[in-house]
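These notes are about the structure you will find just below.
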2 protein chains.
Amino acid sequence: MSKVNKSKKQASSESGTPTCDSSLVHLEQVRQVQSEIVTTEKAQQMAQFFGAMADPHRLKLLSALFKVELCVCDLAAVVKMSESAVSHQLRLLRNLRLVKHRREGRNVYYSLADAHIGNLYREVAEHLDEV
Amino acid sequence: MSKVNKSKKQASSESGTPTCDSSLVHLEQVRQVQSEIVTTEKAQQMAQFFGAMADPHRLKLLSALFKVELCVCDLAAVVKMSESAVSHQLRLLRNLRLVKHRREGRNVYYSLADAHIGNLYREVAEHLDEV
DNA sequence: TGTTCATTTGAATAGACATTCAGGCTTATA
DNA sequence: TATAAGCCTGAATGTCTATTCAAATGAACA
């Protein structure tokens, strides 16, 4: 995830393959819905956020930080990744303000940025249990 | 997203680069947290779910279906994508049970699978407005 | 000051993903 | 039945992403 639509050809609005005869589309409804759906900018922002949660390792990291504040070294041990890999992932989470950090001596301790993340996490976890 | 950890080398549990002297890690705490965090299976499942929401186009599709049931043709027009691309994305959403579909004549109408998706969507949308 | 530990960083590589393109399937209509 | 609309599918392609590796930074300790 991370960068959303940097240089990717943006879904050629006009050139697509509209095999569907435009006269048969429910034009009014389409226009109506088009004006009601999320904006591209907001969608990209949301996609970026969801993307941050769309990785098992990052979810484990968050799941750990959900319990207690931990340093990179410990996080790496908990999720069984190299410290470098963990650091890369933490930077991503940091950039999106999902986690915060503080330095104490040579260690850097990470923790969840706010409660929203935890709620969301729980909600999805429960949703998947139901289905 | 989609397939989680199919063949990717699974974070070489032992070989990683533990530059962190193991005697200095907070061993007890690490063990404790390790036993409390989400399982790998659950994390993968959740990652898959979040991954489904981690794309601006899919979010737009969902956002549209949040308003009204629509056929592929209309969805393509709404989000300005080719019908083929939309179909691919809908299949993904269908596989993860985020949307359901029904056939009516030659048209296939899609709609949200359940209210959870809408709630989650709203929650994240609001969260991002706050921050 | 020099060394070591903890973490970060950038480049490179391998893997995953989204779109396109071409073709196939299903249903309705002539 | 033949044709067309609407949708689906598989392969190919370009792009993005996650890890690794090597090296650099910052902080503590001798």
Side-chain angles (χ1 to χ4, degrees), chain A residues 1-13 15-26 47-48 51-52 54-58 61 70-77 79-95 101-110, chain B residues 1-13 15-26 47-48 51-52 54-58 61 70-77 79-95 101-110:
Chain A
M1 53 121 322
S2 225
K3 285 167 196 154
V4 178
N5 270 326
K6 197 173 67 172
S7 60
K8 187 188 291 183
K9 199 205 295 179
Q10 173 69 306
S12 50
S13 305
S15 67
T17 314
T19 60
C20 182
D21 186 335
S22 15
S23 68
L24 289 185
V25 185
H26 312 120
Q48 204 171 30
D55 179 270
H57 287 143
R58 283 195 294 271
L61 289 173
L70 287 166
C71 65
V72 176
C73 187
D74 286 344
L75 280 170
V79 304
K80 298 198 167 93
M81 294 170 67
S82 74
E83 291 165 34
S84 177
V86 168
S87 187
H88 277 295
Q89 300 290 28
L90 287 173
R91 173 165 53 166
L92 194 156
L93 294 174
R94 218 180 336 131
N95 288 340
H101 65 300
R102 71 181 176 83
R103 177 148 222 149
E104 186 178 311
R106 345 188 195 201
N107 293 312
V108 176
Y109 288 90
Y110 282 82
Chain B
M1 53 122 327
S2 224
K3 285 165 196 156
V4 179
N5 269 328
K6 197 172 67 173
S7 60
K8 189 188 287 182
K9 200 206 297 179
Q10 171 70 306
S12 51
S13 304
S15 67
T17 314
T19 60
C20 182
D21 184 335
S22 17
S23 68
L24 289 185
V25 184
H26 312 121
Q48 204 170 30
D55 179 272
H57 287 144
R58 283 195 293 270
L61 290 172
L70 287 166
C71 64
V72 176
C73 188
D74 286 345
L75 280 169
V79 304
K80 297 197 167 93
M81 292 171 68
S82 75
E83 289 166 36
S84 176
V86 168
S87 188
H88 277 295
Q89 301 290 27
L90 287 173
R91 173 166 52 165
L92 194 157
L93 294 174
R94 219 181 335 130
N95 288 340
H101 65 299
R102 70 181 177 83
R103 176 150 223 148
E104 186 178 313
R106 345 191 195 204
N107 293 313
V108 176
Y109 288 90
Y110 282 83

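This structure is a prediction, so every number in the text was calculated from the model and none was measured. Letters go in sequence order (proteins before strands), and every chain restarts at 1.
- Of the candidates C:dT19, C:dT8, D:dA18, the closest approach to any side-chain atom of A:Leu92 belongs to D:dA18.
- B:Ser84 contributes no side-chain N or O that forms a donor-acceptor pair with the base of D:dC8 under 3.5 Å.
- Mapping B:His88 and A:Gly105 onto DNA chain D via the closest heavy atom, the residue that lands nearer the 5' end is B:His88.
- Protein atom CZ of B:Arg102 is 15 Å distant from nucleotide atom C1' of C:dT27, rounded to whole Å.
- Atom pair A:Leu93:CG and C:dT7:C1' shows a separation of 16 Å (rounding to whole Å applied).
- Taking 4.5 Å as the limit, some side-chain heavy atom of A:Leu75 sits within range of a side-chain heavy atom of A:Tyr110.
- Whole-Å rounding puts the B:Tyr109 OH to C:dT27 C1' distance at 13 Å.
- Between the CG atom of B:Leu75 and the P atom of C:dT19 there is a distance of 14 Å, rounded to whole Å.
- Dashed line: the shortest gap from a side-chain N or O of B:Tyr110 to OP1 or OP2 of D:dC8 is under 4.0 Å.
- Put simply, A:Asn107 has a side-chain N or O that comes within less than 4.0 Å of OP1 or OP2 on C:dT7.
- The side-chain heavy atoms of A:Arg58 and A:Leu93, taken from C-beta on, include a pair separated by under 4.5 Å.
- Closest approach to the B:Gln89 side chain among C:dA18, C:dT8, C:dT20 is made by C:dA18 (side chain taken as heavy atoms from C-beta onward).
- Atom-to-atom, CD of A:Glu83 to P of C:dC5 comes out at 12 Å; the value is rounded to the nearest Å.
- Between B:Cys71 and A:His26, some side-chain heavy-atom pair lies under the 4.5 Å cut-off.
- Between the B:Arg102 side chain and the B:Glu104 main chain, no donor and acceptor come within less than 3.5 Å of each other.
- Of the side-chain N and O atoms in A:Arg58, none sit less than 4.0 angstrom from OP1 or OP2 of D:dT19.
- Rounded to whole Å, the distance from CZ on A:Arg106 to C1' on D:dT25 is 14 Å.
- The phosphate of C:dT8 has neither OP1 nor OP2 within less than 4.0 Å of any side-chain N or O from A:His101.
- Checking C:dA18, C:dA6, C:dT9 against every side-chain atom of B:Asp55, the shortest atom distance belongs to C:dA18.
- The CE atom of A:Met81 sits 19 Å away from the P atom of C:dA6 (whole-angstrom rounding).
- Using a 4.5 Å heavy-atom threshold, the side chains of B:Gln89 and B:Asp55 count as touching.
- Set against C:dT8, C:dT19, D:dC8, the side chain of A:Val72 has C:dT8 as its closest nucleotide.
- Comparing A:Arg103 and B:Cys71 against DNA chain D, the residue whose closest nucleotide sits nearer the 5' end is B:Cys71.
- The CG atom of B:Leu90 sits 11 Å away from the P atom of D:dT9 (whole-angstrom rounding).
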